[in-house]
Amino acid sequence: MYNILIGGAAGQGIDTTVSILEKAFKKSGYFVYTVKDFMSRVRGGHNFMLIRFGNEEITSHSNKLDGIIALNEETIRLHQSKLKKDGFILCDSNFKGDFEAIRIPMEEKAKEFGNPRVSGTIAAGAVLKIFGVDFNHLENVLDTSVKKAYFQVNMQAVHYGYEATDNIYPHMGGKYKDFMLINGNQALALGAIAAGLKFYSAYPMSPATPIMEYLSRHSTAAGVVMEQAEDEIAAINMAIGASYAGVRAMTATSGGGFSLMVEALGLSGIAEIPVVVADVQRPGPATGLPTRTEQSDLKFVISASHGEFPRMVIALRNHEDAFYQTARAFHLADKYQIPVIILSDQYLGDTTSTVKKYDLSEIPSNAPLVSAADETKYIRYRITENGISPRRIPGKGDYFVTADSDEHDEYGFITESADVRVKMVDKRMRKLEGLMEELIEPEFLGDEDCTTLLLGWGSTYGPIREAITTLNDISGGKFGALVFGDIYPLPVKALTKYAKKAKNIINIEQNATGQLASLIREVTGIKCTGSILKYDGRQISGEEIADRLIKEGYNG
Amino acid sequence: MYNILIGGAAGQGIDTTVSILEKAFKKSGYFVYTVKDFMSRVRGGHNFMLIRFGNEEITSHSNKLDGIIALNEETIRLHQSKLKKDGFILCDSNFKGDFEAIRIPMEEKAKEFGNPRVSGTIAAGAVLKIFGVDFNHLENVLDTSVKKAYFQVNMQAVHYGYEATDNIYPHMGGKYKDFMLINGNQALALGAIAAGLKFYSAYPMSPATPIMEYLSRHSTAAGVVMEQAEDEIAAINMAIGASYAGVRAMTATSGGGFSLMVEALGLSGIAEIPVVVADVQRPGPATGLPTRTEQSDLKFVISASHGEFPRMVIALRNHEDAFYQTARAFHLADKYQIPVIILSDQYLGDTTSTVKKYDLSEIPSNAPLVSAADETKYIRYRITENGISPRRIPGKGDYFVTADSDEHDEYGFITESADVRVKMVDKRMRKLEGLMEELIEPEFLGDEDCTTLLLGWGSTYGPIREAITTLNDISGGKFGALVFGDIYPLPVKALTKYAKKAKNIINIEQNATGQLASLIREVTGIKCTGSILKYDGRQISGEEIADRLIKEGYNG
Amino acid sequence: MGKSFSTYETAWCPGCGNFSILRCLKTALEELNIDPAKVLMAAGIGQAAKTPQYISANTFCGLHGRSLPAATAAKIANENLTVIVNTGDGDSYGEGGNHFIHAIRRNVNITHFVHDNQIYGLTKGQSSPTTAEGHVTNAQADGNLNYPLNPVLLAIAAGAGFVARSFSGDTKHLTEMMKAAISYKGYALVDILQPCVSFNKINTFSYYKERVYYLETDHDYTDKAAAMIRAMEFGDRIPIGIFYREEKPDYHTKHKVLASKMPLVDQKYDPMIVQNLMNEFV
Amino acid sequence: MGKSFSTYETAWCPGCGNFSILRCLKTALEELNIDPAKVLMAAGIGQAAKTPQYISANTFCGLHGRSLPAATAAKIANENLTVIVNTGDGDSYGEGGNHFIHAIRRNVNITHFVHDNQIYGLTKGQSSPTTAEGHVTNAQADGNLNYPLNPVLLAIAAGAGFVARSFSGDTKHLTEMMKAAISYKGYALVDILQPCVSFNKINTFSYYKERVYYLETDHDYTDKAAAMIRAMEFGDRIPIGIFYREEKPDYHTKHKVLASKMPLVDQKYDPMIVQNLMNEFV
Ligand SMILES: Cc1ncc(C[n+]2csc(CCOP(=O)(O)OP(=O)(O)O)c2C)c(N)n1
Ligand SMILES: Cc1ncc(C[n+]2csc(CCOP(=O)(O)OP(=O)(O)O)c2C)c(N)n1
Ligand code: SF4
Ligand code: SF4
Ligand SMILES: [Mg+2]
Ligand SMILES: [Mg+2]
């Protein structure tokens, strides 16, 4: 497995360099995993990306570097310490400083080629050579990474970089050539399309914006209307309006925008209009750290909005979940006529991973679930045993579909009756019984006989998975982990089972207060015995988890 | 203790009848406790109020009636079953129906007096006679209950009603003549004024609107600017802006409006600007039941807003809390530079109770807490041991006050440093340590050696208190209760102590999911063994609690 | 004549202007021959916003202030629905003010009837964005300090293609305005002066009756400058009628997914879409 | 000359119009002789909204879209503060659209400088409420379908007493406009055309440069109708200058608690108030 860092200032075109590299690596057969560390600014500052690649599955970034590709001098200063003993630095010939490096006159050459912005492409060419990647797919790679008008000059640049360097690392082979290279936001958008998404409204907000941009670009192809709303309140009320009218609808945002959507969650709840809302988390509170990662909205979203109504919260663990669970979210929202909240985060959203092409036969449904016209008079909020009332689409027949944010009777008329009120609350709440039946238990990783049980949720899945492998290698099988995807209502079977056996229970979360741990205690009474909490806006890596647990003596 | 019901349609002037009666009762020495049951409409429908009065403290309404004052026939139909054996019905002579009643030609006489709307006043006169209340204070009572122009005709009406009836119940005497008669919303507004409130912004929303109306009426006298905002988002951002500029500021709303304020809570949290927000709860979700009561926003408000920051939540239990705890909320918000949320509800907000005049010497402070100018260069977010940074008012000297919703350094400049981020989160969170030290433990009611411990919070305090007395009378001291005022962070000392001894722990809440019980389990691991949950929009009474516990065999 | 829109018991005060608005609405829909099952009556929260409860049609009574986004999206989802929003001045211009401006920009083919009683009715009498300066209310004890909005002027300035004012007391005029607005292809606003007998003792039936007059028949409602100048008149005399009307493409006409094909709700999902999109990532 | 407003390192792109806006703002404040310690620079979130970070003054960088309510209330609390809001077109007219209209109605004496780059800069190039129809952006791949707002026209129609437009490329003009706006007693808007070199490749420096021209010296900015007619011109030619100016009482002048007394922040609490209020309940 190799691991390289590409760093520079915002506006220096790191994106393009990385795009060329990750695609070329993958086309050469490698599994590729790329993470982004960007500042909330358009120019200047310091940005970097890490590309990890090899011939086996990779689920976490790593901070041990085989190479640093420095588009500016600062990159070297900031990251040199992470370089492995044999690691290389690739930089421009005119960078000052006393360090060993592969120096190429990138800036000079780029100017010579007539476009100063291709110096990163020269670096890309050099890196391909260093890692022994051949040029078979280069045209295709450049085609999708740079604008048509700049194709030729980039081609020239890659070739120049390639020629200017020597091969260092052998190519290890790999079977991932025909897999996809996709980030969490794209996977989520694709999952929604696969579930028959027809209407998407959103207000731009990092790190969720790429979802709306992806859907806008593919609007016509996918038959999706993507409408940019004036604010997040409009975005979710639009989604609910469209869903009421019979199309699958969704909105996505980050925590700040979600805060503005809270009232409308309750509208979805009481009017029983399905809606899917994705919260791509970033560190809060308020504006916080706009381009960084955190998992601090869990307790917020599970109890967001005044009053009480059933809801479902699914945390996305990886690029498979991002697709399949998003699609499932639509199905569950429809089936139970409830809001379903998807929790993603900047780490998963921006991280590109190699993924097997998704299997569409796994998608539960791709159109709203509508009841057959078996009634003479349609009763929108009919009280039923499972709490689910027959749903119909307005304008499709000789009946009326009502929807009301006030408490209402079976017909959807406003009521103040104490009796009807209780019946309606109970009816809505009964839906949870069905929902509980189809919860997916957290995935268990590691050794069945573990003495230390790690608990996590969402995007720490990958890092935890890597850590478990490392830790069990060292300890001979003392570690296990449960990582939650379905998180609210909380599935408790696996948890109860493994918690009984474990001596240590440690929650690993990207937040300051241990939100999963407190949810678990609330629901099951189980108390974690230790915790690893990270809230500096940077994702924990598998190495970091393993290191900390070893340092704290859990492998003993 | 007596208990009467006055009922009629919206627009029939029940308010005036009740206002005359409760004031006259109190002036005669009685303790008075009046609750409101109103529909969300301006005319028609069915509204009623219950006045309970006597020569001892009353903390709950009761559904066992000594008398029904029916302004329309429906009132009798709906409430007759609650009448005690010896109870009376007072109604108009021309009401049809086969029931025993004191019939007075109120409508006819009112017309004769030249104002059909005074028929309720005739009824009031009759009731005063029935309960043997003399006319000593009548002028004063009418003066504050009806408009000047209608004073004479109402006087005439009262006298007519008084003469038309016979006395039934003896006057029991009482010492409450010089006490106040105040509702929860007014007490809250008064508490805010006593804490030095200078700026209040809000958007109308039942049942919180009376707070803004009270403050508007007394704006000039109290030196308070009351600004009606265009929406709840503006309301809270205004309050935060005013607070930043150095005046004590507040906003209030109900759950739906609170949902819109969620984002700004986090602004208060990260920018460390004190703000007090009151949520006068009503049944949700969404519009729900606008004029009814519920306690279903607890879990919502304790985790509302994305990200993590310290906050305090105080539930108001009665008309003393409404004043003193509101005033304390300002002090705590200022001291810790955090948002403090006050949870009230429609029951407490609209219920009028006899209360001793408040003691202003109990108010902790009435001006923003500002640091002395002991620094050469003012550092707004200085990292301190207790997490509290020195606060200053902008424009008052040669320094700058910064405020930022982005993560920032000690000076208030935007930062993306992982290190600074962690330091700032830790600094803010440290404030909780100080806060925990000054939490007020829940009030214990009943017998120290109780086997059954009731748990409640907020406005069920009064009903629980009455129930405990009844239950201990019956069982010989088997019952105790803890009723929480300070509820987040949760004070746990008393809870741990009493929960250890009790065989049964029963949470009593006005919601469907038992929110206090789950908060308790999350924080302490203590699990309630039973619960009484009511969520039909009507407040539970002391009788109801006692009846249910007896029926379920807890007195055994 | 189409099917009739039946009546339900209302919760309004006797004498309220809402009754005639409701009546005119039913007449307009019946005269336009619209099938009730193809009508979506949307609203926020308020007295005016109860209108959908009293008419036989599909209904969406959403959140206070948020009816326009929901109605807009419902129309995007199914253009075969006649989407009509009936709601209050507080709902439309206060809580919902941002959606008002942006619904205009979007120009989706929906109709917006604002029952403008210049007060918050349901919450019992606080100032609304159209309440006159100085008006004493329950929450403005010293009189309203804020300058009132002129919704007609604002809508024209924000770019609305159909902007009219009417009066609940002139049912013939109101019915005509409603028919014209519903027939307009794009976002259409009718601001309807509506007496609130319980909480607005200033802008009463006779207050309006004495002041309203018809815009002259030669008023050129295609001239935006003229429209704005006439819209500025609101005081001793209050013109009613169509102030501004402009033919311009609505949202559906311009939208690639919506323009040429069947209603969105009827467009079928094609799994090949996802296959193709996945290939882009290989 | 007053104290100077020092500079900090910025996070803007080289060539961005924000630089000259910042420079003009400092010049205006210095020329108006305002003490930096008595200035409150407020903003929402966005590139423009970073302005307060780069000027030595009191700062309040609040939530995206919510600067006006906070700034309004800060001014109510302390009228001795010169309160200036610098923020973006998305912040002011998109997320904050409702506060924009209602801040105008309130007419508190604050100044609102909108850096109008007709795009969302910080979030990397989506359409804003002022983005032209058809403009292709990252989130409007088929071109923006929504009709753009005309902020100058909208502000006048909503009742603003001071409405101007300027251009970041004309620093002399912009400084003058800023000084006039800050000096105006009431809510004042200057919509500032500002090239975003990174994300708006249409409304560039030269795009604006070629189009802007000064309103004629004989333009009567006290004539609202004339102002609105001139405001409608936005295309091949874009007038800049003061469109409308009207003297009318600001919020403080009209408010009983604020008008006659000292700033709210300096008014003392009197316990007798509460004693008296309690007596009303006895
Ligand atoms: C978020 C939210 N805020 C406030 C309210 C309370 N509320 C209900 S209706 C209303 C105002 C009604 O005024 P308007 O829209 O003019 O309608 P009217 O009753 O006058 O017809 C308000 C403030 C609410 N339901 N939701
Ligand atoms: C509630 C919320 N929604 C969205 C965002 C993301 N956001 C930050 S700035 C911005 C738009 C900036 O555009 P504009 O106001 O025009 O400022 P510019 O960057 O162009 O100067 C957005 C959408 C946010 N911070 N908060
Ligand atoms: S309160 Fe006013 S608007 Fe509401 S029904 Fe009564 S008269 Fe009509
Ligand atoms: S992105 Fe645009 S607005 Fe932002 S700093 Fe760069 S040029 Fe200026
Ligand atoms: Mg109204
Ligand atoms: Mg902008």
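Letters go in sequence order (proteins before strands), and every chain restarts at 1. Predicted model only: the values in this text are computed from it and were never measured.
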Quiz item: Do any N or O atoms from the side chain of B:R292 and from the backbone of A:A418 form a donor-acceptor pair under 3.5 angstrom?
Solution: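 Checking the backbone N and O of A:A418 against the side chain of B:R292, no donor-acceptor pair under 3.5 Å is found.
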Exercise. Check for a donor-acceptor pair, side chain of A:D406 on one end and backbone N or O of B:L289 on the other, with a separation under 3.5 Å.
Key: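 The answer is no, because no donor-acceptor pair under 3.5 Å joins these two groups.
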Nearest heavy atoms of [X] and [Y], plus distance in Å:
X: B:F309; Y: A:P285; result: CD2-CB, 3.6 Å
X: A:G288; Y: B:I270; result: CA-CD1, 4.4 Å
X: A:G307; Y: B:D297; result: N-OD1, 3.1 Å
X: B:S405; Y: A:A286; result: O-CB, 3.6 Å

Self-check item: Carboxylate-amine/guanidinium contact A:K299 B:E522, below 4.0 Å
Solution: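 Here A:K299 pairs with B:E522 in a salt bridge, since their nearest N and O are under 4.0 Å apart.
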Quiz item: Does B:E294 pair with A:R421 as a salt bridge, N-O distance under 4.0 Å?
Solution: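 Yes, this pair counts.
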Practice problem: Check whether any side-chain heavy atom of A:H306 sits under 4.5 Å from a side-chain heavy atom of B:Q281, and report yes or no. | Solution: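 With C-beta onward as the side chain, the pair stays apart.
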Quiz item: Is there a side-chain contact between A:V262 and B:F258, using heavy atoms and a 4.5 Å cut-off?
Solution: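 SC-SC contact between A:V262 and B:F258 ruled out.
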Under a 4.5 Å heavy-atom cut-off, does chain B meet the side chain of [X], its backbone, both or neither?
X: A:I233; answer: side chain
X: A:T291; answer: side chain
X: A:S254; answer: neither
X: A:M39; answer: both
X: A:V301; answer: neither

Who wins among [options] for the most heavy-atom pairs under 4.5 Å with chain A?
options: B:A304, B:G537, B:G255, B:G525; answer: B:G255
options: B:K534, B:R282, B:H408, B:Q515; answer: B:Q515
options: B:G45, B:G269, B:P283, B:S417; answer: B:P283

Quiz item: Any chance the side chains of B:E308 and A:T513 put a donor and an acceptor closer than 3.5 Å?
Solution: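 On atom types as modelled, these side chains qualify, holding a pair under 3.5 Å.
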Self-check item: Residue part contacting chain A, namely of B:M429, when any heavy atom lies under 4.5 Å
Solution: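 Just its side chain gets close to chain A.
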Quiz item: Does any heavy atom of chain A fall under 4.5 Å from the side chain of B:T415, the backbone, both, or neither of them?
Solution: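 It is the backbone, since no side chain atom gets that close.
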